[in-house]
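Values below: all heavy atoms of this structure, side chains included; hydrogens, waters and symmetry mates excluded. Here is how names work: the chains are called A, B, and so on, in the same order as the sequence lines, proteins then strands, and each is numbered from 1.
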Protein chains: 2
Amino acid sequence: MAQTKADLFQEDEVLCASYAKALSHPARVAILKVLAQRKSCVCGDIVDELPLAQATVSQHLKELKEVGLIQGTIDGPSVCYCINPEGLKKAQTLLQSLFQTAATCCC
Amino acid sequence: MAQTKADLFQEDEVLCASYAKALSHPARVAILKVLAQRKSCVCGDIVDELPLAQATVSQHLKELKEVGLIQGTIDGPSVCYCINPEGLKKAQTLLQSLFQTAATCCC
DNA sequence: TAGTTTAATCGTAAATCTACGATAGGCGAT
DNA sequence: ATCGCCTATCGTAGATTTACGATTAAACTA
């Protein structure tokens, strides 16, 4: 009974939560940082930077890709991952809006 | 084997992820909105606003409280929940910083 | 073509998350 | 003191997450 009752909440709340969920693991936060700092975005390099197995990193990359925060393009035998500026901006806007709203405290 | 290897990541990455995790469920996003919009922050009112059982809402409130995004003060028989400005600001700063960093795309 | 490299996927185990009914505990009122 | 209201906690079920070894698939190399 762990499935979220997503249809019972507002669309933007669900979207906001899904972006937050993508960032809810240190490895995925770290991946974004690596992608930003490194010139090369090859998958193997990301694996080298993280203390996780290749399969696990690939799984995290998939989650980031599915939510639209990153994108991967095939480059010969390897895959070049990169931040997706549109997805990032969307996430930033939504979360920023939430923080703005929440800043008006009631008490 | 689902425990996050938190000690293998940087401290701010873990912290950032924990804030994101707190926001990773539509119900918790909704709770923050309700707290911001409503004048009253009584727990019962929050339960009324959400399509979830009292026990479930209480659990979500606990998670938000534990990460420091909200605080609850006992008010007679009921509990007055309120956004914690400091926690909120901390979360905002950390996530904002992540977005800023990530904005420098490598490709 | 055979072999190597690279990354995704499969299968699996353990932990965590989500949800709720039931119960317990605190507080005010009668 | 007892009752009723409000909220937290317990116990539990089912789903999801996290992690990794093993395998697969694709592409380059010799």
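Between Lys62(A) and Pro77(A), it is Pro77(A) whose nearest contact on DNA chain C lies nearer the 5' terminus. Remark on DNA chain D: of its neighbouring residues Thr56(A) and Gly44(B), the 5'-side contact belongs to Gly44(B), judged by nearest-heavy-atom nucleotide.
Residue Ala53(B) is classed as a sugar-phosphate contact, given heavy-atom separations below 4.0 Å to backbone atoms only. Among the heavy atoms of the strands lying under 4.0 Å from Ser58(B) is at least one base atom, whether or not backbone atoms are also near. Residue-level contact check: Val42(A) touches the backbone only, with heavy atoms under 4.0 Å from sugar-phosphate atoms and none from bases.
The residues Asp48(A) and Arg38(A) are annotated as not salt-bridged, no charged nitrogen and carboxylate oxygen being separated by less than 4.0 angstrom.
The interatomic distance linking Gln54(A) (CD) with dC20(D) (C1') rounds to 10 Å, in whole Å. Taking atom CG of Leu52(B) as the reference point, atom P of dA8(D) lies 15 Å away to the nearest angstrom. For Lys21(B) and dA15(C), the NZ to P distance is 15 Å, given to the nearest whole Å. Distance, Asp45(A) CG to dT6(C) C1': 12 Å, rounded to whole Å. Across the protein-nucleic acid pair, Leu8(B) atom CG and dC20(D) atom P stand 9 Å apart, rounded to whole Å. Rounded to whole Å, atom P of dT17(D) lies 12 Å from atom NE2 of His60(A). Put simply, CG on Asp75(A) is 18 Å from P on dT5(C), counting in whole angstrom units. In this structure, the CD atom of Glu63(B) is 17 Å from the C1' atom of dT7(D), given to the nearest Å.
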Let me check something: any side-chain donor-acceptor pairs from residues 51-68 of chain B under 3.5 Å, sequence neighbours excluded? List them with distances.
| from | atom 1 | to | atom 2 | distance (Å) |
| --- | --- | --- | --- | --- |
| His60(B) | ND1 | Arg28(B) | NH1 | 2.9 |
| Glu63(B) | OE1 | Arg28(B) | NH1 | 3.3 |
| Glu63(B) | OE2 | Arg28(B) | NH1 | 3.3 |

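Taking 4.5 Å as the limit, some side-chain heavy atom of Leu23(B) sits within range of a side-chain heavy atom of Leu95(A). Val14(B) is not listed as a side-chain neighbour of Val29(A), based on a closest heavy-atom distance of 4.5 Å or more.
Within a 6.0 Å sphere centred on NZ of Lys90(A), other residues, nucleotides and ligands contribute 12 heavy atoms or fewer.
Each of dA19(D), dA8(D), dG21(C) was ranked by its minimum atom distance to the side chain of Cys43(B); first place goes to dA8(D).
Scanning atom types as modelled, no donor and acceptor separated by under 3.5 angstrom connect the side chain of Gln59(B) and the base of dA8(D).
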